[in-house]
Structure formats: structure tokens, C-alpha cells
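One structure is given below, encoded as C-alpha cells.
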Amino acid sequence: MADFGGTDLETFRKEVREWVEGNFPKALKGVPNPMAREERGNAPSADMETWRKAVGAKGWGTPSWPKEYGGGGLSAAEARVVTGEFNRAGAYNPIGGMGVMMFGPTLLEYGTDAQKLEHIPAICRGEIAWCQGFSEPGAGSDLAALSTKAVDKGDHFEIDGSKIWTSGAQWADWCFCLVRTDTAKKHEGISFVLFTMRQPGVEVRPIPLIAGSSPFCETFFTGARAEKKDLVGPLNGGWTIAKRLLQHERSGLTGAGGGLGSGGKSLEQLAKDYVGHDDKGRIADHDLRSRLVANAINMRAFQQTAVRAMLEAKGNASPSSATSIMKNAGTQLIQERHEMALEIMGHQGLGWEGDAFDADELAAVRGWLFGKAFTIFGGSQEVQSNIVSKRILGLPDLTQSK
Amino acid sequence: MAVLTEEQSMLRDAARSWVQEKSPVTAFRKMRDSGVELGYDATAWNEMAEMGWAGVIVPEEYGGSEFGYLSLGLVIEELGRTLTASPLIASGLGAASALILGGSDTQKSEWLPKIAEGTAIATLAVDEGPHHAPEKVALTAQSTRVGYSLNGKKTFVLEGMAANLLVVSARVSGQPGDKAGIALFLVPADTKGVTRQKLSLADSRGAANIAFDNVLVPESAILGSVDGGYALLEKVLDRARAGLSAEMLGAAVQAFEVTLDYLKTRVQFGQVIGSFQALQHRAAKMFTELELSRSAVEAALTAIDNDSPDVPELVSLAKAKMGDTFHLVSNEMVQMHGGIGMTDAHDAGFYLKRARAAEAAFGNQAYHRDRYARIQGY
């Protein structure tokens, strides 16, 4: 594959490598990204803060975002160099979360210059945690049925209602939120607003899930306040922005390569360890073996499809139709793997807590349970199938979803 | 669709327009109804050969264009769409690969130019039972003073009736199941002692069982080395498997598109049946499987072109995945068409029959899943 940039890229690589060597605290080597963990209640260590600030100042946590808003301003090839050098040093990217994954890219596309200047740099520095106010008790798959109201009070909007499944709301500083600003229309009566979570009219209650504690919350708004300047896009024009944001969300939720919490051992190795193998090294349980290999083949075809979609996106003007299938395909395969991990471990794969079970075994149970959410959140499996049927295959739509 | 070079795009477009114009499914139906023994239309094959498709992987010095396996896969995929029957896979892919990978200069000079121009048809004669099992060779090659004497049988030889040249796997030592002791021989089909029996198969393609009774061949008939036959055979088979997977991809995509079109036009209960979610989600599932399969097939062909070390696992992945998908789509094609899909007048049955024959050829899904797991060490 041609590597555009050639020698310049090598110079840049050297520069990044030296910078990482000089700035990455050695104690953090191999430490997983704390942003990816569910239990973010603990305060970050001094080393973590140092690393976050260093990367944030460079804009390299969001390497391809524009420099004028605090991003790295790098080309795609240069951004890959940064990621590669971080990996090489065993360093995580300390800038992450919903601000990076979903909200930032959306605001860069739809926000005014003033809004971008206000919100994007803080995301690039990892200072502000965002949460997503989308789903409601009565608006899950049918998201546009949402009823949380925003009433025009002259200089601000007053917000009343509730959201559910607001991941990380208990730690969030700000919320990007879909609100109803016109009750006479469905999709065309929704606006996209931003407001601080640090205000009296916002109450957050974490929701324990089947896997135990979770980052998901119920969030209640009672006369909460959103400033007029924090309306993104036109009034009643929020649905278009929401759809775009969901694309960013879904592209990050395919589950490809998702860990099983099994200490880095492959499922196949676990099967050999727990179930045994014959003298040719084949897993002793032939039924399990054939299901494992079927899943492995699908997983690899899924990864090949991700690569193909990327190459096609580079080579052609139109986006690859392959991307539309990714969420369903990836999440189902991961769930299958979770189920098989449990099956492989037998009774040892059913431990809830305690020292009768090792860390892998306990993680397998929690991962299996939490994994059930993958085919529900970010557009359920059924909604994704509707989208493929309608947008890709051109079949008639009876759900009036958009 | 992989990102193509200009010459690959031109090749694919040429194949696409030829197929639409000269080889719609009605042409396959006509061939079947005619009961022609070859199992393909010789006139159409001549046209295909004239366009150079039989020589896509053949080196230029032997009269080919040397465009590679992905390029040949693109042509085969287009032909697969309308179930075009031809010796391309047997001759221009399978046997040509055997000669390219294992042939001496003399062997190549004798056969490759004729294969590339379509005037000779060569094929692999590998299996001896109902299942693909390339190491279970019982056919013996006994050393004589001047060469070898072959005794045994081969089954389900693609284009076995049309072939002028057979690439035969034979056992020079050991027992069926041993990978050592297998050699490949080039045997002209008109050699004394070769008897062919035409097979009438559900998919109407040309195939034969072939008996070898004291078939005498010279030492120079050995392809590659006498003790390295199996390793060569595996490489050859992987190329045939990947190319066949491309045919299956084309056929499965077409079967899906025809079915999707039916969902959009067939009216029941006052609405097109494609408005029913039960059918929509099955359609979405098929589309998903086709996308995954395309990635696997293209990755396998590309790996062959790059002579990558992971060719065996990528090919088994592609054949297994593609087999499952074609299986699914061909079944759904019949089911979603309902009664009309059961009639011989409709094309659905052709795709269903071709699916099973292609699945079985060169190893079905179970074979390739097992092989994939073995390569991965479990």
C-alpha cells in the first residue's frame, strides 16, 4: 500500500516517538484507558493527570480534529502514526468518552464557530465529560417519540422531563440532549440542546443492571436551564443532527475485537484448557469446536469487511454499503463468544463473586451479562435490520422511522 | 467490491456486458434442455476464450495475460451471476494453476498456450469418493521400466467428459490418508486404459467418473517432484477453491437480487410482500452475509496474488463462509418465491442446485471449518 507522505511521515514518526518517550509516565505503561472503564468514580492518579494534560495540550488525543479548536490538525496518515506510537509505548489515549466519540464530530459538523470554540477545546483536553440525553422511558427504538420538553423562556429554554440509559450521567459535566420544542410534529419538533449537568434542576440515579453496577442512569429534569446560545442547529431541526450523531455512535459500537475479559487468552485456548484436547491438539468437545470455528470464521470475515469498507471509502466517493451491516454483525458475534466463554468454563463460569473463582471467570460472567446490551443500545438489532431493509435494500417502510 | 485497478475494472465490465448479452440464465436453461454431453455451450466457451478469460492467470510467455487470481475471480463472479456453465474453473483456473505452480518448462510449453486459448481443456482428477478428501488417494502409480502404470478411479471430475488433459493425483507409496507418497501426473484423456463415465448431476454441469486401468505414462508425466505431490496439490486446490468461491459469490448475489426484486413486486394481502418485517429482516440478514462473504472471497484471492503465507486459512475461511451464505440465499430464494419458486420454469431451482454442487466441490463447509481450526491449532 502506498504510504503518502513518505519521508515526511518518517520524520514525523521520529518526532512523535521522542515526544512520547519524554512525556508518557513510565508507571502507566500497559495500564488500560481509565475512560474505558465502567467504574470511573475513583479520582485519576497524578500520573494519569500529567499524561492527559500533555496529550491534551498537543491535541493528539483527537489527532485529526482541526487545530483551531484544539485538535491535532493531522492528516489521516499522521494520525495513524500517533496511534501507532502510543501503542508501541504501551500508552493509552487519555482523551476519550462520548465527547470524542459522538458529540465532538457532530458539533464540528453542525455547530457555529462560537459553539465549537466554546466546547471542542475542552473535549480535546479531556477536561469535560459529556453524557447523551437521547432515550426516554417511552422513546427507545422509536426515539422520535421523545417527550422531554424545552419551553422558550426568552433568554433560555426551561427543560422538564426525564431521560434513561444516560451512560456516565453521574460523572458528566455537560449533556447533549434531544428535547421536544414542538408538540404538533414528531421528527420536526425535536431540537438539539446543550446544558450543564451541574445545576439544581438535574437529578441523576444510577441503574443497577443484570451485570451489577453500571454506568447507566436515569436522569430527571425539573425546570433545568439551557442557554439559547447552546441550541445546536435550527430550532426543531435536531433530528437530522441526532441521526448523524447516532452514525458516529454506531460506528464505535460494532464490538469488533472486543475483549472477553479473559486475560488475553483466546477462546480457543480457554476451550483447550477447560475442556481438554485430543493428541492432535483438537478441542475434545467436537460440537463446541465446530461452533467456535464457525464464530472465528465469521469474526474474521467481519474484520475483513471493516478493512474492505475502509479501503473502499478511500478509493471511492460514495460510502461503502458494507458499513450498514457492521453493528448487527459485530455485536451478535461478540455475544456468541460471551456465551461460549461461559459454556467453556462450565460451573466455574457461573461465579458471581468470591475467591472460588479467578478474575477471568468472574469477568466472563459480567461480560456475558453486560454484553446483552450490545444488541439493544445504539439502535437495537431490530432497528438496524429495519435500516438495512429500508435504506440499503429499498424495501417499503411501515414503521415510519427515519 | 475490492478497490480495482483500471485493467481489472475493464475486465470485469467486459465480462459483465458479455454475460448480460450472450449468457443470461436462459442460455443455461437452453444448454440443460439440449442435454449436451459436455455440460456447457461450446460456442459460448469459444467466445470466452477469444476474450482471453482462459488465460487470465497464465504467464504472458505461455500466451496468457497474467492478470492474477483476483482478476480471474472478477470474471468468474460475473459468469456465476447467470450460472454460465464453462470449463473456466476446471481448466483456466484449476489445471492451469497446477501447471503454473508445478510444471516443467516443457510441460508448460506443451499445455499452457492451448489452455489459455481454450483449445485444450484440462481438469483436476483428485477425489475418489463422495467427499472431498485429497489425501485419501488409493489410485496407485506403480513404477515401470519406462514410467508409471496408473490403476484406480477418480470421481466427480469437473468437465471430465470434455477434458483433453487430466491432472491426476496418485499414490506412489504409503496408504490412503497419508500425505506423503502422493504424486501428480499429467495424463492425456485419450491415453489407453482411461475410461470415462458421464455423470448426470442435479446442477446439469459436466462431470465424470474416470477409471484408470493399467494406464501407462512416462516419467515426464510427473508434475513437480514425485514425493512433493501433496504440497503442490494443496496449493493448486486452494486456488481452485478461491475461484469457485468467486463463482458462488456471483450466483448468490444474483439469487438475492432476483429475490429482492420479487419482494418488491409480489402483492398479497393488498401490499407488496417486501413490506412485511418478517421478510425484511431475513433480507437484511442475507445482505449482511453476502457482504461478509464478499470480503472473505476477495481477501482469499488477494492473498493468492500476494503469495501470502496465510493463503490456506484465508481460502478455507472464504469457501466455508461463502458456502454457508450461498446455502442460505438459495434456500431463501425458493422459499420467498413460494410456489413459483418450486417450478422448473423459474430459475430459483437452478441456483439451489448449483449451490449444493458448488458447496460440495473441493471441500464443503464442514471440511473447511475443520481445516481452518486445524491450521489455527485447535
Item to check | Residue-level interface, residues 69-78 of chain B with chain A, non-hydrogen cut-off under 4.5 Å | outcome: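 Expected list: none.
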
Item to check | Contact residues of residues 315-329 of chain B (partner chain A; heavy-atom separation under 4.5 angstrom) | outcome: L317(B), A320(B), K321(B)

Would [X] and [Y] pass as an ion pair if we require N to O under 4.0 Å?
X: K272(A); Y: E268(A); answer: no
X: D127(B); Y: K136(B); answer: no
X: R294(B); Y: E291(B); answer: no
X: R374(B); Y: D370(B); answer: yes
X: E247(B); Y: R354(B); answer: yes
X: D305(B); Y: R239(B); answer: no

Item to check | Exam field: side chain D358(A) to backbone D360(A), donor-acceptor pair closer than 3.5 Å | outcome: yes

Next on the checklist: With a 4.5 angstrom heavy-atom cut-off, is it the side chain or the backbone of Q269(A) that approaches chain B, or both, or neither?
Outcome noted: neither

Checklist entry - Who pairs with H132(B) by ring-ring contact (aromatic ring centres under 6.0 Å, His included), at least two apart in sequence or on another chain? => result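 For H132(B) the ring-ring contact (aromatic ring centres under 6.0 Å, His included) partners, ignoring immediate neighbours, are Y367(B).
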
Checklist entry - By ring-ring contact (aromatic ring centres under 6.0 Å, His included), which residues pair with H337(B), not counting sequence neighbours? => result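 H337(B) satisfies ring-ring contact (aromatic ring centres under 6.0 Å, His included) with Y262(B), H346(B) only.
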
Checklist entry - Where on E257(B) is there a heavy atom nearer than 4.5 Å to chain A: the side chain, the backbone, both, or neither? => result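 It is neither, since no heavy atom gets under 4.5 Å.
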
Item to check | Part of L314(B) within contact of chain A (heavy atom distance under 4.5 Å) | outcome: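 For L314(B), side-chain heavy atoms alone lie under 4.5 Å from chain A.
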
Checklist entry - Does one side chain, of S308(B) or N306(B), offer a donor that lies under 3.5 Å from an acceptor on the other? => result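 Short answer, no.
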
Checklist entry - Under 30°, 30 to 60°, or over 60°: which ring-plane class applies to F370(A) and F374(A), parallel, tilted or perpendicular? => result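 If you compare the ring of F370(A) with that of F374(A), the planes turn out perpendicular.
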
Checklist entry - Passes side chain to side chain contact (heavy atoms under 4.5 Å, CB included), V383(A) versus L143(A)? Steps please. => result CA-CA 11 Å; V383(A) 164; L143(A) 181 61; over 6 Å; no

Next on the checklist: At a heavy-atom distance under 4.5 Å, which candidate from Q376(B), E313(B), H368(B) has the highest pair count against chain A?
Outcome noted: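 Top option by heavy-atom pairs under 4.5 Å: E313(B).
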
Item to check | Top of K280(A), Q384(A), E382(A), R300(A) for chain B proximity - count of heavy-atom pairs under 4.5 angstrom | outcome: R300(A)

